[in-house]
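Protein chains get the first letters and strands the later ones, always in sequence-line order, with residue 1 at the start of each. Bear in mind the structure is a predicted one, so any value in this text is a computation, not a measurement.
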Protein chains: 2
Amino acid sequence: MMKKQLIMEKALELFANQGIEATSIQQITEHCGISKGSFYLAFKSKDELILALIDHFMMQITSNIDYTVRNTNDDKKLLFEFYYTMFHTFYEHSDFAKILIKEQVQSFNEELIVKIHYYNRLNEKIILSMIERLYGEEVEPIKYDLIYNIKGFMSTYLQLFLFYNAPLDFDLLSQSLVEKTNLLARHTTIPFFSQELIEMINQPMKEEVTKEQLIEMIEQKIEEIEESIEKESLILLKQQLLEPTLVPAIVKGLLENIRNHPHCKWISYLLRRYYEF
Amino acid sequence: MMKKQLIMEKALELFANQGIEATSIQQITEHCGISKGSFYLAFKSKDELILALIDHFMMQITSNIDYTVRNTNDDKKLLFEFYYTMFHTFYEHSDFAKILIKEQVQSFNEELIVKIHYYNRLNEKIILSMIERLYGEEVEPIKYDLIYNIKGFMSTYLQLFLFYNAPLDFDLLSQSLVEKTNLLARHTTIPFFSQELIEMINQPMKEEVTKEQLIEMIEQKIEEIEESIEKESLILLKQQLLEPTLVPAIVKGLLENIRNHPHCKWISYLLRRYYEF
DNA sequence: TTGACAAATGACTGAGTAGTCATTATTATA
DNA sequence: TATAATAATGACTACTCAGTCATTTGTCAA
């Protein structure tokens, strides 16, 4: 569906510049060169468009960062790669990042809040796994403090380059944050977050996706995209889910094939989690 | 003017719960039990109300924090007192803090952005003076990084207790942040902020207030408040500005008198800066 | 060329908005 | 008590918005 993508693209530009609330459907359709009726053929409502945008970009961003963390073998480089990928990915999707920060705490839509929380939790999980891998048992009492400090660094510096559009040196920034993170991880002795507090904050996580849901999602994607290596890979991965016959190396290779297709990033992320690669 | 205060109070509640954009004048007047016309007798527009709210609370919060920093003599306690006062003050004004965070990056009103930036700059100055006092020359190359890290800690943990309304232990939290801040101040070696970058980000600061402006503001306040120690103190402070006759100790005492009057916090802050106490 | 189906249109509806102003109520003064 | 001055009211205007639907336009097979 070309129309949906066009609308999402053009709407994103307007949302980033004026805010979601301040952008009317009229403006969006004019900016697209289509009629109002056409818009409502593609999306049931303005809310549905917003949710689609959140999903589309958060899937890409989350899976990008997750991929980096899972596939950086050198522990010495891990933190740097994490920060660098994070900043780089958000920079690539600046318009989206802007609306994400702007509307993050805005509460006009319950479903939107739930969705953003969901992705927040996923990102916290990724950060936690990184912390545990890097620092192991020694940071156990302060690991939640660390998560929040890392997220704090992220949002502070993200705001900086999103709203001042200063041409920042991501390499230096990431180096600097690696140093700070290591300092906090190795020398913090006063934890603030208790297990209790964390449980209070985190509502129960949305249930994991099932194999059946994965298959359904893959089928949908197969119909969406044209003939290509990616499509073939998806078909093989679907068969593998229905009846495991391939060795892990092949499965991992297939995942690698679809990893960079913009429509497959999410599937690729879910499958990596499913197979625990 | 009683009416203005009533409207500001009730509007704040609605703004904090629903967001500014989503709250109509109708709702505000109903919540106050007054008519729509009455609202427009007190404020020229919705924007004017918003700006009044920002000023009223930011003046209190900024001057509170500034007072703490200036009047904590024991350097060992300074950072703790800073964090503690900051969290405590924002907690006292939770509703305002919520709308501040929500609308901070929202750009629907140029004047509002300018105002928030102005107070941001003031707070940065306070933090900078604290850093310079505590760590001196040794942190010169990383002092701007420190400012941003401290601000990052503030906003991260502020969001936490504002939006999860968890009953947080401010004492423990402040202790924990003191440790983190000291770690970063004493061991960071890779600065990210260059002088250049800072200059790019900071538009020229609004000019300092003049003596004449101060006198005018004091006169206004004198008319606003009823007979009291505070009023007498204001009258004496005004005379002191017109013709200095009192010794510093007395001036400082007079400032102390008005410090905790909700309407005088800002005057008190400006006078402290003027006399460099 | 025709006819059947699908895609696209934009005038229209109804709800809600900020801000106005002629009228009414209240208070202060003589 | 009578009169002037001030404060408060809410119906009203002019506008914007999300969402609908009868109508038109485009497409493709027979």
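In this structure, A/Ile34 and B/Gln26 both approach DNA chain C, and ranking their closest nucleotides by distance from the 5' end singles out A/Ile34.
Between A/Ile50 atom CD1 and D/dA18 atom P the separation is 10 Å, expressed in whole Å. We find that CD1 of B/Ile20 is positioned 16 Å from C1' of C/dT17, with the value rounded to whole Å. In this entry the distance linking CG of B/Leu41 with P of C/dA22 reads 14 Å, nearest Å. Between B/Phe39 atom CZ and C/dT20 atom P there is a gap of 11 Å when expressed in whole angstrom units. Atom pair A/Ile7:CD1 and C/dA8:C1' shows a separation of 12 Å (rounding to whole Å applied). As rounded to whole Å, 11 Å separates atom P of D/dA8 from atom CG of B/Leu6. As rounded to whole Å, 17 Å separates atom P of C/dG16 from atom CD of B/Glu21.
Considering only the side chain of A/Ser24, D/dA18 comes nearest among D/dA18, C/dG19, C/dG10. The side chain of B/Lys46 lies closest to C/dG19, out of D/dG10, C/dG19, C/dA8. Among the nucleotides D/dA8, D/dA18, C/dG10, the one closest to the side chain of A/Tyr40 is D/dA18. The side chain of B/Ser35 approaches D/dT9 more closely than any other nucleotide in the set D/dG19, C/dG10, D/dT9. Distances were taken from every side-chain heavy atom of B/Ile25 (C-beta onward) to each of D/dA8, C/dA11, C/dA18; the shortest belongs to C/dA18.
Counting only N and O atoms by type, the side chains of B/Glu48 and B/Tyr40 include no donor and acceptor under 3.5 Å apart.
The phosphate of D/dA8 has OP1 or OP2 within less than 4.0 Å of a side-chain N or O from B/Lys3.
The two residues A/Ile7 and A/Cys32 make their nearest non-hydrogen contact at CA-SG, 3.9 Å.
Annotation for A/Glu216: atom CD does not count as buried by contact number, only 12 or fewer foreign heavy atoms lying within 6.0 Å.
At the heavy-atom level, B/Lys36 lies under 4.0 Å from base atoms of the strands shown. A/Thr23 comes within 4.0 angstrom of sugar-phosphate atoms only, judged by non-hydrogen atoms across all strands, and of no base.
Ring pair B/Phe161/B/Phe87 is perpendicular by interplanar angle, where above 60° counts as perpendicular and below 30° as parallel.
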